[in-house]
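Worksheet for the structure shown next.
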Amino acid sequence: MAVLAALGAMAVGAAGCTVQPAGADGQGAPPVRIDVPSRTPDAPGPPASPSRTPEAPEKPSPPETPSPPAKPSASPTPARVLWSPGDVGRDIRELQARLRQIAWIFHGPTGTYDDLTAGAVRGFQGKRGLPRTGVTDTVTWQRLLAMTREPGRWELYLMGGQPADAPDPRCMTGRVLCISKSSRTLRWMIDGRTVSTMPVRFGSEYTPTREGVFQVYWKSRHHVSTLYDSPMPYAMFFSGGQAVHYSADFAARGYAGASHGCVNVRDEGAIATLYEQVRDGDKVVVHW
């Protein structure tokens, strides 16, 4: 019996059973079976098959073909020309007024892009490293704008050339020197028709030109003021010592100066013609 018990115990161990603790009824639980591999654990098995086919070694890439040299970029688009010699108008006046502010020009503004204006533009361009073309393009204009201020109305017309405003109703009949302080102009009118127009200058606030309706009472071709000892060529007196006459100072300085109360004309040729046409007794209207 002892031998049989021992053999039984060995058989149980070989089958891999384990003893389970007794249950509540005192009976032991049935043994748990553990499967044992059919081959000897130490025996070498067949080599494991690879999980994937190894990648082929990378072939060296061929040397890169050098790219052709980059073509030079096209030359930049030239600046757009705004104004050039021969142009006229209000924009040219502003160009000249701004050039005058920074002492590149001393005449005008005239409103005409003349040789003096082209020379001033050329000098301004050269000073700032721009092409010295003498024409005003967008680049030149932007540089000039950055260095100057917006000119006022009388800077634009410093030397005259401003448009005349509508004539006063009192000027619409007869022969009239119709003089506007608002537009600083003189209209020579006959029966409501304007014969000629010219810029004029007036007295300062301390010596103002009188306003109202007057008559030419005396003409003096080579007059010299006894009060100020100054020439008054082509003088046409209309109120005391106040007269319409040519002024060399107005021709030289424009509206930077003022008269002593007279009506100054800067265009000598224009007033010489006017002097020949005006008669004693013709009406003079000075108005705003």
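Position 1 is the first residue of the sequence; numbering continues from there. Everything numeric here is computed off the predicted structure, so don't read it as measured data.
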Identify whether [X] and [Y] are in the same connected component of the hydrophobic contact network (ILVMFWY, side-chain heavy atoms under 4.5 Å).
{"X": "F250", "Y": "V263", "answer": "no"}
{"X": "V121", "Y": "M147", "answer": "yes"}
{"X": "W218", "Y": "V244", "answer": "no"}
{"X": "I105", "Y": "L158", "answer": "no"}
{"X": "L186", "Y": "Y275", "answer": "yes"}

* Structure fact -> Test side-chain contact (heavy atoms from CB on, under 4.5 Å), reference V195, set Q277, M189, R187, R175, output is Q277

When rounded to the nearest 0.5 angstrom, what distance separates [atom1] in [X] from [atom2] in [Y]?
{"X": "H260", "Y": "Q242", "atom1": "NE2", "atom2": "CD", "value": "12.0 Å"}
{"X": "D282", "Y": "K219", "atom1": "CG", "atom2": "NZ", "value": "8.5 Å"}
{"X": "R184", "Y": "Q162", "atom1": "CZ", "atom2": "CD", "value": "7.5 Å"}
{"X": "W83", "Y": "L95", "atom1": "CH2", "atom2": "CG", "value": "6.0 Å"}
{"X": "R122", "Y": "R132", "atom1": "CZ", "atom2": "CZ", "value": "7.0 Å"}
{"X": "T173", "Y": "D191", "atom1": "OG1", "atom2": "CG", "value": "8.0 Å"}

* So M159 and T110, side-chain contact (heavy atoms from CB on, under 4.5 Å) or not? Walk me through it. -> CA-CA 7 Å; M159 306 307 289; T110 64; 5.9 Å; no

* To do: Give a yes or no on whether R80 atom CZ has more than 12 heavy-atom contacts from other residues, nucleotides or ligands under 6.0 Å away.
  => no

Can you give me the closest heavy-atom contact between [X] and [Y], atom names plus distance?
{"X": "C171", "Y": "V176", "answer": "O-CG2, 3.8 Å"}
{"X": "T138", "Y": "A79", "answer": "OG1-CB, 3.5 Å"}
{"X": "I271", "Y": "Y246", "answer": "CD1-N, 3.4 Å"}
{"X": "T209", "Y": "G261", "answer": "OG1-O, 2.9 Å"}
{"X": "S239", "Y": "Y217", "answer": "N-CE2, 3.8 Å"}
{"X": "M172", "Y": "P167", "answer": "SD-CG, 3.8 Å"}

* To do: Determine the sole option in R100, R149, R93 for which the side-chain hydrogen bond (donor to acceptor under 3.5 Å, both in side chains) test with E155 is passed.
  => R149

Look at the side chain of [X] and the backbone N and O of [Y], then say whether any donor-acceptor pair between them is shorter than 3.5 Å.
{"X": "Q96", "Y": "T112", "value": "yes"}
{"X": "T133", "Y": "V135", "value": "yes"}
{"X": "E211", "Y": "W288", "value": "no"}
{"X": "Q125", "Y": "T140", "value": "no"}
{"X": "R266", "Y": "P199", "value": "no"}

* Asked: With a 4.5 Å limit on heavy-atom distance, are the side chains of V286 and R210 in contact?
  -> no

* Asked: Got L156 and P151 here, is their nearest side-chain heavy-atom distance under 4.5 Å?
  -> yes

* Let me see the working for M198 and D267 under side-chain contact (heavy atoms from CB on, under 4.5 Å), right down to the final yes or no. => CA-CA 8 Å; M198 59 198 72; D267 187 332; 5.5 Å; no

* Listed partners of R98 passing side-chain hydrogen bond (donor to acceptor under 3.5 Å, both in side chains), at least two apart -> E94, T148, E150

* To do: Could you check whether the rings of W154 and Y255 sit parallel, tilted or perpendicular, using 30° and 60° as the cut-offs?
  => tilted

* What is the ring orientation for W104 with F124, classed by angle as parallel under 30°, tilted 30 to 60°, or perpendicular over 60°? -> perpendicular

* To do: Evaluate the criterion side-chain contact (heavy atoms from CB on, under 4.5 Å) for residue pair L274 and L177; output intermediate values, then yes/no.
  => CA-CA 10 Å; L274 180 65; L177 292 172; 4.0 Å; yes

Side chains of residues 228-235: which donor-acceptor partners sit under 3.5 Å, not counting sequence neighbours?
residue: Y234; atom: OH; partner: R221; partner atom: NH2; Å: 2.7

* Structure fact -> Residue set satisfying disulfide (SG to SG under 2.5 Å) with C262, at least two apart, ordered chain then number -> none

